[in-house]
There are 2 protein chains.
Amino acid sequence: MMKKLVIKDIAEQLQVSKSTISFVLNGKARQHGISIKLENKILKYVEKVGYQPSRIAVGLSTGKSKTIGMLVEDISDPFFSSIARVVERSALSSGYRVIYGSTENDTVQAIDLLQAFRNHNVDGYIIAPPPGTENYIRELVADGFPVVVFDRDVPGLDCDKVLIDNFNGALQAVEHLVDRQFKNIAMVTLLSKQNQMEERANGYLKALNDSGLVQRIKQIPYDLEKSKCVEQIRRFLAGQKAIDAVFFSTNYLALGGIEAIRQLGLQVARDIGIVVFDDNTNFELFSPPISAVAQPVKQIGEQVTEIMLSRLQSNTPAAFQRIVLKTNFIARESTLSQPLKANVF
Amino acid sequence: MMKKLVIKDIAEQLQVSKSTISFVLNGKARQHGISIKLENKILKYVEKVGYQPSRIAVGLSTGKSKTIGMLVEDISDPFFSSIARVVERSALSSGYRVIYGSTENDTVQAIDLLQAFRNHNVDGYIIAPPPGTENYIRELVADGFPVVVFDRDVPGLDCDKVLIDNFNGALQAVEHLVDRQFKNIAMVTLLSKQNQMEERANGYLKALNDSGLVQRIKQIPYDLEKSKCVEQIRRFLAGQKAIDAVFFSTNYLALGGIEAIRQLGLQVARDIGIVVFDDNTNFELFSPPISAVAQPVKQIGEQVTEIMLSRLQSNTPAAFQRIVLKTNFIARESTLSQPLKANVF
DNA sequence: GTGAAAGCGCTAACAG
DNA sequence: CTGTTAGCGCTTTCAC
């Protein structure tokens, strides 16, 4: 077990004091009038022996951990993991690490994680906020931490936000169904008060209102296991034979819905049109390819990190930003209204 | 800005010393003969004011950070993010956090991350090792850190390992193609010396050898952008008209391959059979559904964490484990050998 | 039974 | 220009 080098070792080897090393390493040689010669000597030696300061000691001493805490709903969800990836990469290039936590949309878990982050002295928080976390987040903001909320808005919470235009994304998707001559358009969504789901529902309602069609919304509880979810959708569709198209508010629900449609012996597109909010699952390779509302994952990640890093690096408290990114609707074959020709790729 | 409570505050409020608090909080009240009464009083007060020790200070003082560093190839890859999720969950229940890093299979990035982990004083390492990291990992092991390698073996590296049976997984998949009467079976894989890819290739070669068929392997460079990758596969297929089936060694390659097949105006199953190693992408919903070798993601995650936690919690250095998990072959319609009927779900 | 004090590895006043 | 020193918040030895 090779003993890890510490600053004291370096100081002894080089016959200088710890602080001199520290100054040099933190680029403060100049303001402390350390000779270029000594500086180079130190730099060279440190490089040679591969010394790296213990982040944990630096953290204790400075109060800064150079890490960002990121709270997502589920890191195994492609939507979140893609964003996480973008954040990780850009943060790293500014010397920040990211620690993640999956909330499963649960208040208690989320708050536990946020407390854990806090005990780890994270410098900033990137949060897809589960319900019930408003107050804790507000505290974080009040205590002066940079907080960037994304994916879902929390009305009344004052901090930086990177959101997408759920209302118009949904509106556009449902209008597309209307354009394609579907007459009985249902929506399958989560049983949730979360802002982004409500906005998607509002978009749906608006589109149907505008065209005078009947509205039917089926809400599925959040933590239902997959098979139950499929069953609920199947029952819903079976009970409402008139439905000729469905707007799914999430990717996950759509996967369950497609399964349900299969179980009913129906075929997507030929028997029922479908369109999905969120395009992260190879929908273009499905049979038929599924029309979807694509969220700008990369942009979300970049914006989030950009705001976070700028807060972290400047201490001038700029006004909070609220960025709303546009979605991108992609029409594919799942929303053709007439019987579809054999479509095997 | 509400000042965070520290142990000193508690001590002052309660008129006892810091160490007493510390003992109680760490369940060492008994061995230090602290009265139950005092203990309860402290516990109650701590609970009431919501005091939580600074992990970073605890870390500095104990040398333990209660965090595990996890190195994956790409956290946005469903295979890795699913495993990460499992690890996160089980680690958390034992009080460990996980910090991730994506290596992009790059030696330098991987080592940088590992060093960063080390500076963060992580207590253990879970690693999907990129090429060229053997020595660094070996150092970690030599320095007494628990290290669990997964997904790919590094022959000659002595540490805990959780692997899957790539050879037999591939063998089975290709034998399936042979059974289905395909005669010109190609393999598309990564240009890589990594053990798991070689094993998959060996499985392919064995299956073809056993049945006396001609072997053709196309290797694609790792970091090619998607469109180039598609192009290379397209050219390969176009140049070898006789090919009637393809075994893709990764999920990602298969997605490119399906695109390439489309571009050539061919149809999967009808014109060309395909089977894929790794089943993480809703292949059952594709058109036609794609036959695949499923990796036991959940088991991998659980095994990895179990080994890690047992190392972390016991100091008796048990012998290294090498666990090899079986894959699960799923035959779907992409490997029917005769022309397929119209298949729209 | 309890508390003072040293120390984990680093930073940053401050003194010289 | 450089070094001494006092913390950061906690753990743990050892003396009372």
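Computed over heavy atoms, backbone and side chain alike; hydrogens, waters and symmetry mates excluded. Since the model is a prediction, treat every value here as computed from it, not as a measurement. Per chain, numbering begins at 1; letters A, B, ... match sequence-line order.
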S.K.: What's the spacing between A:I7 CD1 and A:I21 CD1 if we round to 0.5 Å?
M.R.: 6.0 Å
S.K.: Salt bridge (Lys or Arg N to Asp or Glu O under 4.0 Å) with A:K41: which residues, sequence neighbours excluded?
M.R.: none
S.K.: Tell me which residues in residues 41-50 of chain B lie within less than 4.0 Å of DNA chain D, going by non-hydrogen atoms.
M.R.: none
S.K.: What bend angle does the helix from C:dG1-D:dC16 to C:dG16-D:dC1 show across its length, from five-pair end axes and to the nearest 10 degrees?
M.R.: 50°
S.K.: Does a donor on one side chain and an acceptor on the other come within less than 3.5 Å for B:S90 and B:S93?
M.R.: no
S.K.: Mind checking what makes salt bridge (Lys or Arg N to Asp or Glu O under 4.0 Å) contact with B:D151, not counting sequence neighbours?
M.R.: none
S.K.: Taking side-chain contact (heavy atoms from CB on, under 4.5 Å) as the test, write out the residues that go with A:A110, two or more places apart.
M.R.: A:L71, A:T103, A:P130, A:T133
S.K.: Heavy atoms under 4.0 Å is the rule here; annotate nucleotides 7-16 of chain D 5' to 3' with B where the base is hit, S where only the sugar-phosphate is, and - elsewhere.
M.R.: BBBBSBB---
S.K.: Please name all residues satisfying salt bridge (Lys or Arg N to Asp or Glu O under 4.0 Å) with A:R85, sequence neighbours left out, ordered by chain then number.
M.R.: A:E88, B:D74, B:E104
S.K.: Please identify each residue that fulfils salt bridge (Lys or Arg N to Asp or Glu O under 4.0 Å) with B:E134, with sequence neighbours left out.
M.R.: none
S.K.: Verify whether one side chain among B:Y222 and B:E73 offers a donor that lies under 3.5 Å from an acceptor in the other.
M.R.: yes
S.K.: Under the side-chain contact (heavy atoms from CB on, under 4.5 Å) rule, collect the residues that match up with A:D112, sequence neighbours excluded.
M.R.: A:V108, A:Q115
S.K.: Going by distance alone, is a donor N or O of one side chain under 3.5 Å from an acceptor N or O of the other, for B:R97 and A:N119?
M.R.: no
S.K.: Could you list the residues that satisfy side-chain contact (heavy atoms from CB on, under 4.5 Å) with A:V46, not counting sequence neighbours?
M.R.: A:I10, A:L25, A:I42, A:Y51
S.K.: Hey, where on DNA chain C does chain B first and last touch, going 5' to 3'? Cut-off is any atom under 4.0 Å from a heavy atom.
M.R.: C:dG1 to C:dG9
S.K.: Report the residues that fulfil side-chain contact (heavy atoms from CB on, under 4.5 Å) with A:Y96, sequence neighbours left out, ordered by chain and then residue number.
M.R.: A:K66, A:I68, A:A91, A:S94, A:D123, A:L309, A:L312, A:Q313
